[in-house]
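Right, one structure below, let's go through it.
Predicted, not measured: the structure shown is a model, and the values here were computed from it.
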Amino acid sequence: MGTYSKEDILRLVEEEDIQFIRMQFTDLFGQLKNVAVTASQIGRALDGEIMLDGSSIQGSVRVEESDQYLRPDPATFAILTWRPQYGKVARLICDIYNPDGTPFDGDPRNILKRALRQAKSMGYDFHVGPELEFFLFQTDEEGRPTVKTSDKAGYFDLGPLDLGEGTRREVVLALEKMGVEIEASHHETAAGQHEIDLKYADALTAADNIMTFKLAVKTLAQKNGLYATFMPKPLRDAAGNGMHVNMSLFQDGRNLFYDESGERKLSLLARQFIAGLLEHAGSFCALTNPVVNSYKRLIPGYEAPCCLAWSESNRSALIRIPDPRGQGTRAELRSPDTACNPYLAFAACLAAGLDGVTRGLTPPPAVAGNLYAMPLEELAARGIRRLPVSLDAAVCAMETDKVIMEVLGPYAARYAAGKRQEWEEYRTQVSQWELDRYLANC
């Protein structure tokens with residue numbers, strides 16, 4: 001993404017024959033929304049005069065306080081490369097503001113900005129590098145998604161086995177044209193599953209990039225007759241879709257997680273941050289793993305962590321410290337999934353880590369063994385706790401954690417209520433498995 005002034009954007013809209021501008025924002029539960037304006041209204045849009053009815057957005061305001069304004073971030077201006085090149089479409093990512101000119105407390109982007117300001121007041125910049133997984137499935141004759149794929153590829157395979165290679169390539173090229181840097185892309189372990197890794201960036205840019213990424217993947221898959229899903233666990237006997245989050249703190253361009261003389265070349269700050277993540281991971285699970293289906297991914301044996309532990313190279317641990325050291329030193333949190341709202345997930349991770357720094361927490365010893373195969377008795381003896389096993393348990397854990405609730409501010413209760421409603425809807429369903437298991441046997 002570039003750095004644009006209002007005058008730059010007005011000029012580009014005219015020079016590039018841009019006819020529509022999507023004013024994009026994200027709701028509390030991670031859904032990307034937009035209000036489209038024509039080129040004739042771009043001046044008003046850049047001045048923050050475009051309104052929306054906040055009472056119609058899930059998790060937003062009440063009907064009696066519904067007027068809100070979209071204030072675009074000029075740095076996010078980009079042409080949507082997959083749209084027609086005649087009468088082009090551009091986008092601006094927006095913050096939501098109240099009529100009195102104050103930021104809306106329930107805007108996820110503002111929630112992350114608030115967390116980043118807190119980190120900045122302590123002298124830290126928070127950098128994030130996400131690794132995003134998704135499935136490409138076939139559609140039926142009516143264009144509806146199925147869970148079928150003719151792809152027979154596995155980890156790091158290539159065409160002709162990898163039948164999604166073309167779509168994945170289109171996504172990467174489209175994103176790079178929009179200024180989103182891509183580090184790598186490849187086929188994942190399950191048939192039809194793919195991963196694209198976004199380059200390290202400040203947390204706000206990274207969250208914006210994730211929302212752009214998800215839109216690009218879904219749009220280009222549809223163009224190619226496929227359906228892309230970020231559902232955490234769409235297939236019973238295959239690994240789910242994770243969003244590993246690599247994170248570190250910087251100061252004046254220097255990675256503060258690295259210490260040449262530290263144990264494992266990690267600084268004291270890094271260890272305290274890791275301890276904070278472990279302390280609060282069960283509580284921010286409702287944000288990093290936000291849907292009922294998330295907890296069908298967090299089970300042993302399918303490459304997703306289940307236990308609150310850290311390691312240098314052990315991929316069964318919640319937190320891993322990958323190579324290399326130096327400017328690339330980072331903590332990789334392996335529990336989040338691609339259904340999460342990245343603004344809220346990053347804000348919660350940052351608050352958790354900084355709590356560990358503020359309190360001077362010390363992480364437990366690193367774990368080298370395979371946690372998936374470790375008996376419950378051994379886990380208990382080592383004091384290794386488990387992540388929540390359901391959305392209901394995760395919401396309960398979140399509500400008892402002051403640090404995580406403060407991240408969401410006044411809208412914490414509304415988020416929890418929305419997730420409890422989702423859980424209740426799920427809890428009252430009767431699945432096909434239950435019918436097959438019990439209908440004839442009870």
Side-chain angles (χ1 to χ4, degrees), residues 1-4 8-9 12 16 18 20-26 30-34 72-83 85 88-95 108-109 112-113 116 125-134 136 164-188 194-224 228-230 241-248 250 328 330 332 336-346:
M1 298 182 191
T3 300
Y4 299 105
D8 290 334
I9 294 174
L12 285 169
E16 296 287 340
I18 295 169
F20 285 90
I21 300 91
R22 290 184 177 180
M23 309 285 285
Q24 295 179 345
F25 61 98
T26 302
Q31 292 300 308
L32 186 64
K33 307 285 186 179
N34 88 144
D73 181 344
T76 66
F77 179 81
I79 296 171
L80 301 182
T81 55
W82 53 84
R83 300 293 297 174
Q85 292 305 293
K88 296 176 184 177
V89 179
R91 72 93 199 272
L92 283 160
I93 296 176
C94 303
D95 298 313
R109 203 167 187 265
L112 177 55
K113 281 185 171 183
L116 293 173
D125 297 316
F126 186 45
H127 288 208
V128 171
E131 305 169 10
L132 298 117
E133 296 171 343
F134 58 95
L136 292 176
E165 183 181 39
T167 296
R168 197 173 67 238
R169 182 177 61 250
E170 286 184 52
V171 169
V172 170
L173 294 176
L175 289 171
E176 293 224 318
K177 286 181 182 177
M178 293 179 68
V180 178
E181 292 189 70
I182 307 299
E183 284 206 333
S185 66
H186 60 86
H187 198 284
E188 257 296 335
H194 304 266
E195 176 176 313
I196 297 178
D197 302 338
L198 307 188
K199 187 174 176 61
Y200 237 53
D202 67 273
L204 184 65
T205 298
D208 288 342
N209 287 347
I210 289 170
M211 298 308 296
T212 302
F213 166 85
K214 293 174 80 169
L215 177 63
V217 169
K218 283 186 169 290
T219 302
L220 290 169
Q222 184 181 49
K223 182 177 77 71
N224 291 336
T229 182
F230 297 97
N241 288 323
M243 187 185 81
H244 299 167
V245 179
N246 297 275
M247 60 188 85
S248 52
F250 278 71
R330 62 202 186 274
E332 178 191 55
D337 62 50
T338 44
C340 77
N341 182 330
Y343 301 102
L344 301 186
F346 293 170

| Working for side-chain contact (heavy atoms from CB on, under 4.5 Å), residues R91 and N34 | CA-CA 9 Å; R91 72 93 199 272; N34 88 144; over 6 Å; no

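- Looking at residues two or more places apart in sequence or on another chain, you find no salt bridge (charged side-chain N to carboxylate O under 4.0 Å, His left out) involving K214.
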| Does the side-chain contact (heavy atoms from CB on, under 4.5 Å) test come out yes or no for I9 and I21, once each step is laid out? | CA-CA 11 Å; I9 294 174; I21 300 91; over 6 Å; no

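- The two residues M243 and C340 have their closest heavy-atom pair at CE-SG, 3.5 Å.
- Remark: side-chain polar atoms of Y200 are paired, donor with acceptor, to backbone N or O of M247 under 3.5 angstrom.
- Interatomic distance, CG of N209 versus CG of D202, reported as 9.0 Å (0.5 Å rounding).
- In terms of the side-chain hydrogen bond (donor to acceptor under 3.5 Å, both in side chains) criterion, residue partners of K113 (sequence neighbours excluded) are, by chain and number, D95.
- Within the model, atoms CG of L220 and CG of L215 stand 9.0 Å from one another, a figure rounded to the nearest 0.5 Å.
- Other residues, nucleotides and ligands contribute at most 12 non-hydrogen atoms within 6.0 Å of the CD atom of Q222.
- Under the side-chain contact (heavy atoms from CB on, under 4.5 Å) criterion, K199 pairs with E181, E183, not counting sequence neighbours.
- In this view, K223 and E170 satisfy the side-chain hydrogen bond (donor to acceptor under 3.5 Å, both in side chains) rule, not counting sequence neighbours.
- The shortest distance between side-chain heavy atoms of I196 and F213 falls below 4.5 Å.
- To the nearest 0.5 Å, atoms CG (L32) and CZ (F25) are separated by 8.5 Å.
- Between the side chain of N241 and the backbone N or O of F134 there is at least one donor-acceptor pair closer than 3.5 Å.
- What you find for L112 and A203 is that their closest heavy atoms are CD2-O, 3.8 Å.
- With sequence neighbours excluded, no residue forms a salt bridge (charged side-chain N to carboxylate O under 4.0 Å, His left out) with E176.
- In plain terms, the two heavy atoms of A206 and V128 that are nearest each other are CB-O, 4.0 Å.
- You'll find the side chain of I79 reaches within 4.5 Å of the side chain of E16, heavy atoms only.
- Interatomic distance, CG of L132 versus NE2 of H194, reported as 14.0 Å (0.5 Å rounding).
- For R83, the side-chain contact (heavy atoms from CB on, under 4.5 Å) criterion is met by R22, L80, V89, not counting sequence neighbours.
- Put simply, CG on L175 and CG on L198 are 7.5 Å apart, with the number rounded to the nearest 0.5 Å.
- Residues I18 and L12 share a closest heavy-atom pair of CD1-O, 3.9 Å.
- Taking both residues in full, the closest heavy atoms of A216 and W82 are given as CB-CZ3, 3.5 Å, listed atom of the first, atom of the second, then distance.
- Relative ring orientation between F250 and H127 is described as parallel, the plane-to-plane angle staying below 30° on a 0-90° scale split at 30° and 60°.
- Every residue was checked against the side-chain hydrogen bond (donor to acceptor under 3.5 Å, both in side chains) condition with N341, not counting sequence neighbours, and none meets it.
- The heavy-atom pair separating K218 from A228 by the smallest distance is NZ-O, 2.8 Å.
- Legend: residues meeting ring-ring contact (aromatic ring centres under 6.0 Å, His included) with H244, ordered by chain and number and at least two apart, are absent.
- The salt bridge (charged side-chain N to carboxylate O under 4.0 Å, His left out) search around D73 returns R109, not counting sequence neighbours.
- Interatomic distance, T76 OG1 to M23 CE, rounded to the nearest 0.5 Å: 9.0 Å.
- Legend: residues meeting side-chain hydrogen bond (donor to acceptor under 3.5 Å, both in side chains) with D125, ordered by chain and number and at least two apart, are K120.
- For T229, the side-chain contact (heavy atoms from CB on, under 4.5 Å) partners two or more places apart in sequence, or in a different chain, are F135, F137, Y227, M231.
- Side chain of T338 to backbone of F230: a donor-acceptor contact under 3.5 angstrom is found.
- L173 pairs by the side-chain contact (heavy atoms from CB on, under 4.5 Å) definition with R169, not counting sequence neighbours.
- Taking the side chain as every heavy atom from C-beta outward, Y343 and L204 approach each other to under 4.5 Å.
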